[in-house]
**Q** 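Below you'll find the structure I mean.
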Amino acid sequence: TPRRVRRYVLCEVLSDDPRCRQCIEDRAVGLAVRDAIGRVHGDYGLGRCSISFTVKYLNAYTGTVLLRCRKDSYRLLCSALPFVRSLESRGQRYPCALNTLHVGGTIRTCQKFLIQYNRRQLLMLLQNCTNEEERQCIQKSLLSCSLTEEQSQSADEEDDDGTE
């Protein structure tokens, strides 16, 4: 598919179970999302969303997930994400939810959004610090929130064509 017909959906995995994030795998997220699409939109929605759908990036430590789908089916995908209730990994089922943070036309716009989002989260933590050591640690994290490596234009980082 041509590059300009894709959308990237940036999500975070929310769970009360600390073991959930340690066991997140691309395959488990992909299966849970496909299952939710099938339950909400049936075979039609699953067929539409399955074309070009993939888990493009996953950070189990932060619980950040980047999903890629076709532009014409991203609304179906986004409307099914609240129905993801658990992730299954190694025979264990972990209750969780996927919170959509951003929908973008490129990976780069999602990266930029994530940096700003993390910065805002750290600023909120900074306001709630109880001692100087915590404050210095969070300030150091804030300073490190930036894109450190300028990458050349690649298949996934074309100029942003905006979202619908």
**Q** Can you name the closest pair of heavy atoms from Ala32 and Val84 and give their distance?
**A** O-CG2, 3.8 Å
**Q** Let me see the working for Ile107 and Tyr57 under side chain to side chain contact (heavy atoms under 4.5 Å, CB included), right down to the final yes or no.
**A** CA-CA 10 Å; Ile107 289 177; Tyr57 171 78; over 6 Å; no
**Q** Around Asp43, counting heavy atoms of other residues, nucleotides and ligands shown, do more than 12 lie under 6.0 Å from its CG?
**A** no
**Q** Starting from the C-alpha separation in whole Å, work towards a yes-or-no answer on side chain to side chain contact (heavy atoms under 4.5 Å, CB included) for Leu76 and Ile37.
**A** CA-CA 7 Å; Leu76 288 172; Ile37 293 168; 5.7 Å; no
**Q** Just jot down the salt bridge (Lys or Arg N to Asp or Glu O under 4.0 Å) partners of Arg27, sequence neighbours excluded, or say none.
**A** none
**Q** My understanding is that only residues two or more places apart in sequence, or in another chain, count here; which of them pass salt bridge (Lys or Arg N to Asp or Glu O under 4.0 Å) with Asp17?
**A** Arg19
**Q** Indicate yes or no for a side-chain donor-acceptor contact from Arg68 to the backbone of Ser52 under 3.5 Å, with no hydrogens or angles considered.
**A** yes
**Q** Quick one: list whatever passes side chain to side chain donor-acceptor pair (under 3.5 Å) with Ser73, sequence neighbours left out.
**A** none
**Q** Considering residues, nucleotides and ligands other than Arg39, do more than 12 of their heavy atoms fall under 6.0 Å from its CZ?
**A** yes
**Q** Taking only residues two or more places apart in sequence, or in another chain, which ones meet Tyr44 in a side chain to side chain donor-acceptor pair (under 3.5 Å)?
**A** Arg48
**Q** Side chain to side chain donor-acceptor pair (under 3.5 Å) with Ser89: which residues, sequence neighbours excluded?
**A** none
**Q** Check side chain to side chain donor-acceptor pair (under 3.5 Å) between Asn99 and all other residues, then give those that pass, not counting sequence neighbours.
**A** Glu12
**Q** In terms of heavy-atom contacts, does CZ of Phe113 have more than 12 from other residues, nucleotides or ligands at under 6.0 Å?
**A** yes
